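Everything below concerns the one structure shown next.
Source: prediction; values computed, not measured.
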Number of protein chains: 2
Amino acid sequence: MPLPDFRESAGPLPCAGGKGNSIPEATVARLPIYHRVLTAMAEQGIITVSSEELATACGVTSAKLRKDLSYLGSYGTRGVGYEVEFLGYQIARELGLTSPWGVVVVGVGNLGRALVSYRGFASRGFRILGLFDSHPDVVGSTVAVVDRSFTVRPVEELAEVVADQGAHIGVITTPADAAQDIAERMVKAGLHSIVNFAPVVLNVPTDVEVRKVDLAVELQVLAFHEQRRKNPAGSVVTELDPQRSVSGDRKAMNA
Amino acid sequence: MPLPDFRESAGPLPCAGGKGNSIPEATVARLPIYHRVLTAMAEQGIITVSSEELATACGVTSAKLRKDLSYLGSYGTRGVGYEVEFLGYQIARELGLTSPWGVVVVGVGNLGRALVSYRGFASRGFRILGLFDSHPDVVGSTVAVVDRSFTVRPVEELAEVVADQGAHIGVITTPADAAQDIAERMVKAGLHSIVNFAPVVLNVPTDVEVRKVDLAVELQVLAFHEQRRKNPAGSVVTELDPQRSVSGDRKAMNA
DNA sequence: AAGGGCTCGTGCACGAATGCACAAAGTTGA
DNA sequence: TCAACTTTGTGCATTCGTGCACGAGCCCTT
Ligand SMILES: NC(=O)c1ccc[n+]([C@@H]2O[C@H](COP(=O)([O-])OP(=O)(O)OC[C@H]3O[C@@H](n4cnc5c(N)ncnc54)[C@H](O)[C@@H]3O)[C@@H](O)[C@H]2O)c1
Ligand SMILES: NC(=O)c1ccc[n+]([C@@H]2O[C@H](COP(=O)([O-])OP(=O)(O)OC[C@H]3O[C@@H](n4cnc5c(N)ncnc54)[C@H](O)[C@@H]3O)[C@@H](O)[C@H]2O)c1
């Protein structure tokens, strides 16, 4: 019943580390959605919800939802559904949202400024502990965060703040060519979790987790499907010259 | 040799639509990375690259890279590697980046303003065609985009601009409670591709593709792993009361 | 107290994605 | 020209993720 889940001797690099249970990575990525929808439902005064209703609200199938929730435990009631507030709390606990995590942001430009003004930052278990930049015009300036305001500090003081205030998550919003250096500073400072908005692949130790947010990638994936909509044949070259298509395309490159 | 790839009768909902070849969704999501790294290499004057080198630069394994590229065709040379500029062009063509796609942005607040100033927008095959908002103070104001500047238009004119200028992609940066309405307007206007920054699940027809960018989700996934790092036992309740753990936790909820 | 109805939890099967390993194919040098 | 070396392209096995279907369990009614 408690689902022993005998995949302990997992080979390559699964998500969990320790002893007993592990939760699939795909499930972990959906838990924040469930949590958000449950929170909204609780605010509306909804007491209980079935897997079918909750799944629809989250844009997933009910089977997937139930399987996801089953990794956390048996928190539903057969014949009834899930208690909204209680399930929301269980997910929050599983995600580690019951006490806030400290966040530092490096690169206080257009995007960095927009991010720190983001209300969902503080409202979901995260707390900004410091803003950092390297540009003399930016360092020392004051930035208004939702509840209070911050003075931007030089990036050299990053390690100090992480150590003293106990930050756990770093956000990189510097230009691309500075991102690797910042990532290394964050790792040296003791951070193991990084969100990277710069369009570069970061090289970090295996015990550091990087999640990248990349608008250009999203747009290009959409562009791919848009093109497929127009031209269902896909990449099959239109075969206009009898030569090898490879050399033929090489000319079109400079069009 | 041209890789017929007989998985035409694909069942549920694969990525490709039409006739012959299809490319796995996981591969499509990596192609933009390959393209970016190849572009950077080309600017550095690198002529050829092996799958091992390129894979390292992209943060993937060489086997995965080669398999991904094999879906596009045989563009490598055995014993040598890939010609940087040529492979980059082939990926660009596959992604549909050879001619720019029109983009409209709805919600010109902190985040929207930051996005339109993003240089990588125009530099990779995308072109902003219009900015929209509903707030009287914002409509009519001028926003500087990288190459030129735009006057923010009322959201009622969205359909008109999409039709006249031929936009294909919509970006939503409105508050969460307005996002569903904006999405429906975009669909009505004829868009099939949406990037959603608002923290809500959008309900759209099946022939519309939504990609969501959600900072809160990224942070919460990182929080999950941070917590696991501290407490490897995971969600296994510490079992302090002999009662059912469910009722026991229900009290702790309001702590 | 017993039966009927509803929904959760999960075993099983299937498809997608990853990693391994190697033959095929091209290059280089003698 | 031929042999040794390098790297691609891909068949195969394994792992991961999803969807189906149904038994188990709880509530409500009679
Ligand atoms: N700021 C961030 O870094 C950040 C991060 C993650 C997610 N988000 C999300 O992105 C969205 C925008 O964030 P923001 O900080 O820019 O908010 P914002 O309030 O600064 O900007 C929102 C803009 O949308 C406009 N708007 C409101 N209702 C509209 C409607 N019905 N039609 C058209 N326009 C409308 C407003 O006038 C305003 O200009 C929010 O949903 C937020 O949760 C923001
Ligand atoms: N603006 C967007 O909407 C957007 C979208 C997608 C990705 N991005 C990426 O996010 C990053 C930031 O974008 P932005 O528009 O805010 O750029 P920006 O130029 O406005 O801001 C960058 C900030 O980083 C600071 N910086 C530069 N080098 C630094 C260093 N070594 N250490 C510390 N700080 C340093 C700069 O002083 C500046 O304040 C870029 O990599 C960009 O490609 C931005």
Between A:Arg228 and B:Glu94, is the salt bridge (Lys or Arg N to Asp or Glu O under 4.0 Å) condition met? List the steps. CA-CA 9 Å; A:Arg228 283 287 164 119; B:Glu94 194 68 40; 2.9 Å; yes
Write down the distance between CG (A:Leu72) and C1' (C:dG9), rounded to a whole number of angstrom. 13 Å
What is the separation between atom CG on A:Leu65 and atom P on D:dG17, rounded to the nearest whole Å? 17 Å
Could you spell out the base pairing of DNA chain C in dot-bracket, with Watson-Crick or G-U pairs whose two distances are under 3.5 Å, [ ] crossing and | to another strand? ||||||||||||||||||||||||||||||
Under 4.5 Å between any side-chain heavy atoms of B:Glu83 and B:Tyr75, yes or no? no
With respect to the side chain of B:Ala26, which nucleotide from C:dT18, D:dT18, C:dG9 is positioned closest? C:dT18
Where the side chain of B:His192 meets the backbone of B:Gly190, is there a donor-acceptor pair that is under 3.5 Å apart? yes
Flag side-chain contact, heavy atom, 4.5 Å: B:Glu53 against B:Tyr82: no
State whether A:Tyr82 places a side-chain N or O below 4.0 Å from either non-bridging phosphate oxygen (OP1 or OP2) of C:dG9. yes
Base, sugar-phosphate, or nothing: which does B:Thr27 touch, judged by heavy atoms less than 4.0 Å apart? nothing
Go through residues 40-60 of chain B and report each residue with a non-hydrogen atom lying under 4.0 Å from DNA chain D, sorted by number. B:Ser50, B:Ser51
Less than 4.5 Å apart, side chain to side chain, heavy atoms only: is that true for A:Met186 and A:Val208? no
Find the distance B:Asp68:CG to C:dG19:P and express it as a whole number of Å. 10 Å
Close side-chain approach of B:Tyr118 to A:Leu111, heavy-atom, < 4.5 Å: no
Rounded to whole Å, CG of B:Leu69 lies from P of C:dT18 at a distance of 14 Å
Measure the distance from CD on B:Glu25 to P on C:dA17 and round it to the nearest whole Å. 8 Å
Can you tell me if B:Thr77 touches the phosphate of D:dT8, counting only side-chain N or O atoms and a distance under 4.0 Å to OP1 or OP2? no
Which nucleotide in the set D:dG19, C:dA17, C:dC8 lies at the smallest distance from any side-chain heavy atom of A:Lys67? D:dG19
Just wondering, do A:Leu69 and A:Ile91 contact through their side chains at under 4.5 Å, heavy atoms? yes
Counterpart residues, side chain to side chain contact (heavy atoms under 4.5 Å, CB included), relative to B:Thr27 (two or more places apart): B:Ile23, B:Pro24, B:Arg30, B:Leu31, B:Asp68, B:Tyr71
Using whole Å, report how far CD of B:Glu83 lies from P of D:dT7. 17 Å
Please write out each protein N/O paired with an N/O of nucleotides 21-23 of chain D under 3.5 Å, distance rounded to 0.1 Å.
from	atom 1	to	atom 2	distance (Å)
D:dA21	N6	A:Arg66	NH2	3.3
D:dG23	N2	A:Arg78	NH1	3.0

Length of the CG-P vector between A:Leu31 and D:dG17, whole Å: 13 Å
Heavy atoms, side chains only, cut-off 4.5 Å: are A:Tyr89 and A:Thr98 in contact? yes
Non-neighbouring partners of A:Gln227 that pass side-chain hydrogen bond (donor to acceptor under 3.5 Å, both in side chains), sequence neighbours left out: none
Need to verify one output field. Residue with the more 5' nearest nucleotide on DNA chain D, B:Gly81 or A:Val80? B:Gly81
The reported gap from NE2 in A:His168 to NE2 in B:His225 (rounded to nearest 0.5 angstrom) is 15.0 Å
According to side-chain hydrogen bond (donor to acceptor under 3.5 Å, both in side chains), who are the partners of A:Asp181, at least two apart in sequence or on a separate chain? A:Arg185
